[in-house]
Number of protein chains: 2
Amino acid sequence: MRLITEVAAEAGIDGQHLELYGKYKSKLSPSLWEELKNKPNGKLVLVTAVNPTPAGEGKTLTTIGLAQAMNAAGVKTVAALREPSLGPCLGMKGGATGGGKAQIVPADEINLHFTGDIHAVTTAHNLLSAMIDNHIFHGNALDLDPQRIMWKRVMDMNDRSLRSIVTGLGDGNGAVRESGFQITTASEIMAVLCLCDNLADLQKRLSRMLVGYNRQGEPVTAKEIGAVEAMTALLKEAVKPNLVQTLEGTPVIVHGGPFANIAHGCSSVIGTRYALKLAEVVVTEAGFGADLGAEKFMDIKCRQAGLAPAAAVLVVTAKSLKYNGGVRKDELYAANRAALLAGLSNMERHIENLGKFGVPVLVAINHFEGDSAAEIDEIREACRRLGVPAAVSKVWAQGSAGGLELAEALQKLLEQEDTGGFAPLYEDNADIPAKIHTLVREIYRGAEVAFSQAAKRSLAVIERLGLNGLQVCMAKTPYSFSDQPRLLGAPQGFTLGVRDITLSLGAGFAVVITGNIVTMPGLPARPAAEGLHLDEDGELQGLL
Amino acid sequence: MRLITEVAAEAGIDGQHLELYGKYKSKLSPSLWEELKNKPNGKLVLVTAVNPTPAGEGKTLTTIGLAQAMNAAGVKTVAALREPSLGPCLGMKGGATGGGKAQIVPADEINLHFTGDIHAVTTAHNLLSAMIDNHIFHGNALDLDPQRIMWKRVMDMNDRSLRSIVTGLGDGNGAVRESGFQITTASEIMAVLCLCDNLADLQKRLSRMLVGYNRQGEPVTAKEIGAVEAMTALLKEAVKPNLVQTLEGTPVIVHGGPFANIAHGCSSVIGTRYALKLAEVVVTEAGFGADLGAEKFMDIKCRQAGLAPAAAVLVVTAKSLKYNGGVRKDELYAANRAALLAGLSNMERHIENLGKFGVPVLVAINHFEGDSAAEIDEIREACRRLGVPAAVSKVWAQGSAGGLELAEALQKLLEQEDTGGFAPLYEDNADIPAKIHTLVREIYRGAEVAFSQAAKRSLAVIERLGLNGLQVCMAKTPYSFSDQPRLLGAPQGFTLGVRDITLSLGAGFAVVITGNIVTMPGLPARPAAEGLHLDEDGELQGLL
């Protein structure tokens with residue numbers, strides 16, 4: 001690892017703008033922004049993927065490896081990534097720092113605590129929670145309806161026992177009521193942190209967050225609880241982006257990490273903006289497949305921040321296409337041409353969808369050991385048929401050397417194509433049901449939308465409060481274009497069921513809930529934490 | 001503020017041993033210990049106080065100011081303090097970084113998040129909690145009795161609604177059971193962090209923590225849950241002491257902050273040891289008054305770590321003595337000679353008690369604006385009568401200049417007195433009831449101890465498990481020598497009621513619970529958080 005001061009210097013960041021966290025991590029001071037803000041922006045490239053499968057597609061891996069390879073090819077490139085959440089790291093999913101020769105480092109510290117941003121979000125969130133219950137305890141001047149408080153508590157842990165709890169039991173411990181915990185990445189504050197322009201905008205957004213309703217049915221916001229300025233103070237360091245590096249010393253901004261279902265699943269706007277000033281090309285990623293991640297990246301993050309992606313890289317693997325073609329998880333290693341061809345329908349639709357945003361697409365075929373040449377050729381051939389460039393990526397095994405084909409293809413795309421055609425999909429001034437219908441028609445390809453009674457009541461509230469200008473944030477299974485996890489490939493004609501619609505007024509979107517969305521994961525029978533340990537040199541081992 | 005690299009250099013710490021957190025905070029690397037460990041130790045001075053009163057005694061303030069003044073007087077002195085907890089900071093108590101001209105800085109960052117140590121404790125604690133419930137969920141191979149799990153969850157927040165909760169409600173969310181949250185500083189892990197010798201000892205102590213009992217009534221430890229190595233990894237940075245400075249640039253090690261009732265209320269052993277190698281004199285403090293804080297400092301921290309305090313500074317104020325003499329909170333500003341004389345009984349007993357540990361005492365009269373000269377003289381005269389040196393401290397108003405009299409008196413004490421006579425009060429091999437009786441007789445001056453049925457059952461368990469070698473950690477009201485908060489002054493002849501005895505096997509003590517001990521504070525009607533804000537320059541304002 002190089003000292004982060006060296007990595008920063010090479011990226012053109014003067015040492016005075018660094019707030020070091022040890023020798024290998026640094027926060028970037030707002031003073032850097034003052035120096036950078038009038039510089040021209042680099043080009044923004046989104047790395048997204050086909051629908052996720054149990055085999056793993058390697059989106060973070062590809063983002064890191066591509067940034068390494070672009071630099072190796074002489075293009076000054078910075079990656080902008082999300083911060084890993086501790087919960088999944090200790091649970092099942094493992095770390096989120098790439099793998100093989102395409103990793104960000106120090107992986108152990110990035111995965112555990114990092115610079116404390118997620119802990120700050122947890123604290124700010126739970127301060128508001130405590131102040132809500134305290135408000136009720138001390139007389140409830142706002143006449144809050146204890147049955148209609150939507151603001152829960154959060155913890156950065158996979159802990160199913162906290163999903164649904166009763167609080168305030170015992171004498172003098174407040175009003176008894178049902179509540180629960182979400183994982184911190186599901187906190188609206190995380191979404192707010194990732195969408196805000198700066199600390200002042202953060203505070204404005206925190207102010208308008210909805211915590212519940214009073215007994216007259218009127219919304220009550222965080223501002224009315226009196227917690228907002230203290231919350232802002234608690235987040236004053238968290239709002240600063242973090243600088244780390246890849247194994248090859250490429251600068252990487254790792255900042256923020258909202259859930260990809262009930263939130264928008266992208267790293268912070270602030271971090272992306274810094275990166276765009278520091279590099280010719282910025283490679284970033286979004287959660288889940290392109291139907292959720294890329295769509296929210298375009299329709300929520302880019303729209304709100306006025307960003308325009310120049311290209312999208314769609315990660316596919318032979319295994320993911322076979323899985324989408326109907327092969328079971330344990331048979332994915334065997335060749336299966338028919339399934340691969342069937343599964344290509346999934347890739348094809350994502351490519352088509354990305355085109356609807358006016359963004360040119362490059363397919364990255366993430367190569368796994370054991371993938372057959374015939375299958376890789378089949379994918380290349382399909383891309384040729386579709387008129388879309390494709391390149392094989394072997395960054396896991398080879399680092400930048402394995403990403404040169406991909407880097408060259410991206411350079412070519414950025415030079416040749418018209419990369420200025422980006423537009424979000426739906427209009428700001430369409431109403432919420434119209435926005436949902438647009439997504440279902442254009443992206444998911446369903447036939448109809450069925451709103452539950454609860455969803456209809458929520459739509460009526462949205463109408464009454466004049467909130468149709470919000471974006472929609474779809475909370476849907478990532479495994480299918482539809483709301484049914486087992487409808488793989490490219491399903492159509494289905495009816496999408498909307499169970500409820502909740503309001504994230506600080507983030508600026510209405511969350512459209514389809515199916516059963518879990519916002520507090522559980523631990524598996526053998527949690528990853530059981531294997532995590534420090535070796536004799538004090539190095540962390542056993543991170544998945 | 002000076003750069004922390006400069007403060008470190010002046011203290012003799014090479015830059016290679018610093019792990020910076022911004023420009024003004026640093027963790028001290030274990031490599032520094034390798035360099036320091038064979039150096040001679042400085043003298044250890046404990047700052048303690050009479051029983052706390054609503055007027056505030058200024059123990060932390062005096063510790064900081066004394067360290068400043070000692071340096072001004074030419075004695076290389078380092079202070080070793082506890083880390084502030086966020087909960088009280090956002091609630092009622094405010095920050096814990098001193099005040100006026102005797103503060104540690106950057107106060108805002110030390111009070112909010114600091115270097116993340118408390119967040120790491122929260123995370124490690126809650127990982128164990130989640131893994132306990134997960135163990136039960138996945139078949140309960142250890143046959144844990146869900147009714148006898150003592151390990152709760154923690155949060156660094158004042159949130160009374162979480163004191164008593166029911167978890168695991170809803171389908172698929174685990175076993176429904178009663179549980180609750182404590183504030184993080186009440187976590188046994190915080191006590192363990194503050195008593196351990198190093199990371200290896202931390203892991204050993206975490207391993208033996210008691211989480212509950214199985215259905216056969218046998219104890220189940222954290223090690224059996226399989227979480228200990230991951231918890232150690234989560235704490236690998238938290239175990240390193242933090243270096244900051246006073247307003248006058250004095251080096252201060254701020255590390256760890258366990259509760260002073262159910263735990264021992266002292267900053268970390270590791271931090272104290274580093275400080276002793278770096279300075280001629282180390283000034284440290286312990287929670288509450290000398291009956292609890294100093295006693296635990298001597299009997300738990302010093303005994304376990306093999307430390308020997310050379311002197312104790314007992315902080316008194318005219319107001320605290322008047323309060324102990326029966327004056328009500330709102331009448332403390334008025335002169336009241338009779339009450340002052342009556343309240344001196346409290347000071348006198350603490351002086352006598354400290355003598356029982358073989359430690360010479362210096363009384364620090366912390367001067368508040370408005371204190372009358374007559375009252376100060378009365379206190380001086382009482383000390384003269386008792387043959388104990390006393391000095392007035394005006395460090396709040398004047399910084400080191402206001403602490404010179406105190407510093408000179410301390411120097412004189414350290415030079416003239418035999419400072420090598422320290423011994424803990426009770427014998428290691430006495431049984432738990434005998435240890436309790438010793439404290440009640442020698443320190444509190446009660447007549448008898450009444451054990452509840454629950455306490456007797458706990459004593460039987462201690463006997464059966466062979467745990468009489470533990471120290472005792474008294475959880476008692478800090479406001480009185482007795483277990484009754486309103487018995488001020490120097491009560492005697494009372495019966496101390498022991499409600500229960502719990503086991504902190506990692507920390508190495510049995511917690512003797514008298515009265516109703518709250519381990520999760522609540523917020524007041526107007527929480528401090530309501531006044532906390534960033535000003536136009538981004539500086540934190542409104543910290544109490």
Side-chain angles (χ1 to χ4, degrees), chain A residues 19-23 27 86 90 108-109 112-113 116 119-120 122-123 126-127 129-131 133-134 137-139 153 155-170 172-175 178 199 226-227 229-230 232-234 236-237 522-523 525 527 529-530 532-534 538 540, chain B residues 19-23 27 86 90 108-109 112-113 116 119-120 122-123 126-127 129-131 133-134 137-139 153 155-170 172-175 178 199 226-227 229-230 232-234 236-237 522-523 525 527 529-530 532-534 538 540:
Chain A
E19 299 176 8
L20 297 176
Y21 281 65
K23 296 181 171 65
K27 283 205 165 275
L86 259 170
L90 298 166
D108 55 345
E109 295 179 21
L112 309 185
H113 308 308
H119 292 318
T122 303
T123 305
N126 291 336
L127 172 63
S129 314
M131 285 181 71
D133 274 308
N134 192 56
F137 181 81
H138 285 291
R153 288 175 177 82
M155 187 187 282
D156 189 11
M157 192 60 66
N158 288 13
D159 191 347
R160 72 172 65 73
S161 293
L162 293 178
R163 282 175 192 154
S164 179
I165 65 175
V166 169
T167 60
L169 295 167
N173 297 338
E178 283 186 64
L199 197 62
E229 295 195 68
T232 305
L234 286 166
K236 77 185 173 72
E237 301 304 315
L523 289 169
E530 286 189 8
L532 218 60
H533 64 281
L534 299 175
L540 187 70
Chain B
E19 299 176 10
L20 297 176
Y21 281 64
K23 295 182 171 65
K27 283 205 167 273
L86 260 170
L90 299 165
D108 56 344
E109 295 179 21
L112 310 185
H113 309 309
H119 292 318
T122 302
T123 306
N126 291 335
L127 171 62
S129 313
M131 286 183 71
D133 274 309
N134 192 56
F137 181 80
H138 286 291
R153 288 175 177 80
M155 186 186 281
D156 189 12
M157 191 61 66
N158 287 13
D159 191 346
R160 73 172 63 72
S161 293
L162 293 178
R163 282 175 192 154
S164 179
I165 65 175
V166 169
T167 60
L169 295 167
N173 296 339
E178 284 186 64
L199 197 62
E229 295 195 67
T232 305
L234 286 166
K236 78 185 172 75
E237 301 304 316
L523 289 169
E530 285 189 8
L532 219 60
H533 64 281
L534 299 175
L540 187 70

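These values consider heavy atoms only, across backbone and side chains, with no hydrogens, waters or symmetry-generated copies. The chains referred to below are lettered A, B, ... by the order of the sequence lines, with proteins before strands, and numbering in each begins at 1.
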Determine the option with the most heavy-atom pairs under 4.5 angstrom with chain B, choosing from A:Lys23, A:Arg153, A:Lys27, A:Glu109. A:Arg153
Contact class of B:Leu540 relative to chain A, heavy atoms under 4.5 angstrom: side chain
As an exercise: rank B:Thr122, B:Asp108, B:Asn126, B:Asp133 by heavy-atom pairs under 4.5 Å with chain A and give me the winner. B:Asn126
What residues, two or more places apart in sequence or in another chain, satisfy salt bridge (charged side-chain N to carboxylate O under 4.0 Å, His left out) together with B:Glu229? none
Looking only at A:Leu169, A:Leu199, A:Ile165, the option with the highest number of non-hydrogen pairs under 4.5 Å against chain B is A:Leu169
What residue in B:Thr232, B:Leu534, B:Leu532, B:Asn173 has the most heavy-atom pairs under 4.5 Å with chain A? B:Asn173
Residue, of B:Ala529, B:Gly522, B:Gly172, that accumulates the most heavy atom pairs under 4.5 Å with chain A: B:Ala529
For each of B:Ala120, B:Gly538, B:Gly139, tally heavy-atom pairs with chain A at distances under 4.5 Å, and name the one with the top tally. B:Ala120
With a 4.5 angstrom heavy-atom cut-off, which part of B:Leu86 approaches chain A: side chain, backbone, both or neither? side chain
Which distance, rounded to the nearest 0.5 Å, do you find between the CG of B:Leu90 and the OG1 of A:Thr123? 8.5 Å
Using every non-hydrogen atom in the two residues, find where A:Ser161 and B:Thr167 come nearest and quote the distance to one decimal. O-CB, 3.3 Å
Contact winner vs chain B - A:Lys236, A:Met157, A:Glu530, A:Glu19, heavy-atom pairs under 4.5 Å: A:Met157
Whatever's closer than 4.5 Å to a heavy atom in chain A on B:His533 counts as both
Taking every heavy atom of B:Asn134 against every heavy atom of A:Arg160, the minimum-distance pair comes out as OD1-NH1, 2.7 Å
Under a 4.5 Å heavy-atom cut-off, does chain A meet the side chain of B:Ala227, its backbone, both or neither? neither
Looking only at heavy atoms and a cut-off of under 4.5 Å, which of A:Pro527, A:Gly174, A:Ala130 has the most pairs with chain B? A:Ala130
Partners passing ring-ring contact (aromatic ring centres under 6.0 Å, His included) against A:His119 (at least two apart in sequence or in another chain): A:His113, B:His119
By a 4.5 Å heavy-atom criterion (distance strictly below it), what part of B:Asn158 contacts chain A: side chain, backbone, both, or neither? backbone
Answer with side chain, backbone, both or neither: which region of B:Glu178 has an atom nearer than 4.5 Å to a non-hydrogen atom of chain A? neither
Sort B:Met131 into side chain, backbone, both or neither according to what part of it lies under 4.5 angstrom from a heavy atom of chain A. both
